[in-house]
Amino acid sequence: MSEKVCSHHKSKRRKVLRRCCAGFLVFSFIVLFVFLIIWAILQPKKPRFTLQDATIFTLNVSAPNVISTTVQVTINSRNPNSRIGVYYDKLDVYANYHNQQITYYTVIPPVYQGHKDVNVWSPFIYGNNVPVAPYNGIALSQDQSSGGIRMTIKINGRVKWKVGTFVSGRYHLHVSCPVYIPLGNSKNNGIIIGSAVKYQLSQSCSVSV
């Protein structure tokens with residue numbers, strides 16, 4: 001085969017390759033453009049979470065570095081979108097005190113939340129004889145004596161967005177609900193339910209997706 005024929009074939013291959021690359025770039029641009037238009041029209045918003053109340057059953061320091069906790073919280077989740085549904089794959093709820101986890105994970109089962117829908121969950125979060133840093137045990141005893149405790153109810157999970165029949169991939173969801181709960185001498189601010197005390201909170205939570 002002559003050099004002229006070989007160079008002709010190489011030139012032809014280059015032209016085909018250039019056309020393929022140009023076609024792929026144009027197609028990618030069109031898909032991205034359409035996606036941006038749809039996204040702008042839908043204007044997706046993150047779910048909104050509110051910590052409505054907390055019922056304290058147990059909150060004890062049994063040793064300087066051991067805490068036992070049993071709390072029932074009521075969490076309100078609202079989907080603010082009118083055209084987008086939300087799939088919650090799984091949600092793990094737990095309590096933090098001074099940036100240290102003091103309860104085990106409590107799982108909220110998967111659920112679908114429709115347009116403008118509201119879900120209300122009331123999970124128990126608890127931890128029996130959970131080891132903590134010694135200064136946290138001391139701090140909790142001091143907070144109980146002073147009449148109140150600041151803790152954070154956290155929710156970690158995964159969500160998917162649903163638009164029509166299209167369902168997106170999974171996104172990580174992180175919810176943080178910092179709250180002040182009156183304790184000790186402030187029990188008359190709550191509702192006594194047997195041996196537990198229920199506190200109305202209505203605390204907005206920060207959400208990141």
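Position 1 is the first residue of the sequence; numbering continues from there.
Taking each heavy atom of Ser82 and Lys116 in turn, the nearest pair found is CB-CE, 3.9 Å. Of all non-hydrogen atoms in Pro182 and Tyr180, the two that sit nearest each other are CD-O, 3.8 Å. Considering all non-hydrogen atoms of both residues, Pro47 and Trp161 come closest at CD-CH2, 3.8 Å. Annotation for Met151 and Ile102: closest pair CE-CD1, 4.4 Å, computed over non-hydrogen atoms. Taking all atoms of both residues into account, the shortest heavy-atom contact from Val197 to Gly190 is CG1-CA, 3.9 Å. Closest non-hydrogen pair, Lys45 versus Pro80, comes out as CB-CG, 3.7 Å.
Residues forming a side-chain contact (heavy atoms from CB on, under 4.5 Å) with Val118 (at least two apart in sequence, or on another chain): Asn76, Arg78, Val120. When the side-chain hydrogen bond (donor to acceptor under 3.5 Å, both in side chains) test is applied to Arg48, no partner is found at least two apart in sequence or on another chain.
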| request: Determine, stepwise, if the pair Leu59 / Val71 fulfils side chain to side chain contact (heavy atoms under 4.5 Å, CB included). | output: CA-CA 8 Å; Leu59 190 55; Val71 181; 5.5 Å; no
| Verdict with reasoning, Asn119 to Ser77, per side-chain hydrogen bond (donor to acceptor under 3.5 Å, both in side chains) | CA-CA 5 Å; Asn119 288 62; Ser77 169; 5.7 Å; no
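Partner Tyr97 forms a side chain to side chain donor-acceptor pair (under 3.5 Å) with one of Thr103, Thr152, Asp143 and no other, that one being Asp143. Considering Ile75, Leu173, Val107 in turn, Leu173 is the only one that fulfils the side chain to side chain contact (heavy atoms under 4.5 Å, CB included) rule with Leu91.
Side-chain contact annotation: Gln113 with Asn79, donor-acceptor N/O pair under 3.5 Å absent.
Under the 4.5 Å side-chain heavy-atom criterion for Ile, Leu, Val, Met, Phe, Trp and Tyr, Tyr87 and Val159 are members of distinct hydrophobic clusters. Connection of Val66 to Phe57 is not established within any shared hydrophobic cluster, with ILVMFWY side chains joined at heavy-atom distances below 4.5 Å, either directly or through further cluster members. A continuous path of hydrophobic side-chain contacts links Val209 to Val175 [ILVMFWY only; heavy atoms under 4.5 Å].
In this structure, CG in Asp53 is found 8.0 Å from CD in Gln72, a value given to the nearest 0.5 Å. Atom-to-atom distance recorded for Thr55:OG1 and Ile191:CD1 is 8.5 Å, nearest 0.5 angstrom. For the atom pair Ile193 CD1 and Lys198 NZ, the distance stands at 5.5 Å (nearest 0.5 Å). Note that NZ of Lys160 is 15.5 Å distant from CD1 of Ile84, once rounded to the nearest 0.5 Å. Between the SG atom in Cys205 and the CD1 atom in Ile153 there is a gap of 9.0 Å [rounded to 0.5 Å]. In this structure, OG1 on Thr74 lies 8.0 Å from CG on Leu51, to the nearest 0.5 angstrom.
Between Phe49 and Tyr88, the two ring planes are perpendicular [angle over 60°; tilted spans 30° to 60°]. Note: Tyr105 and Tyr94 have perpendicular aromatic rings, judged against thresholds of 30 and 60 degrees for the angle between ring planes.
Two residues are said to be in side-chain contact when any heavy atoms from C-beta on lie closer than 4.5 Å; Thr106 and Trp121 fail this criterion. Side-chain contact between Arg150 and Pro178 is absent, with no heavy atoms from C-beta onward closer than 4.5 Å. The side-chain heavy atoms of Gln200 and Gln52, taken from C-beta on, include no pair separated by under 4.5 Å. No side-chain heavy atom of Asn81 sits under 4.5 Å from any side-chain heavy atom of Arg83.
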Determine all donor-acceptor pairs shorter than 3.5 Å in which one atom belongs to a side chain in residues 123-142; sequence neighbours excluded.
from: Asn129; atom 1: OD1; to: Ser68; atom 2: OG; distance (Å): 3.3
from: Asn136; atom 1: OD1; to: His98; atom 2: ND1; distance (Å): 3.4
from: Asn136; atom 1: ND2; to: Gln100; atom 2: OE1; distance (Å): 2.7
from: Ser141; atom 1: OG; to: Gly137; atom 2: O; distance (Å): 3.2

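Heavy atoms from other residues, nucleotides or ligands lying under 6.0 Å from NZ of Lys90 number 12 at most.
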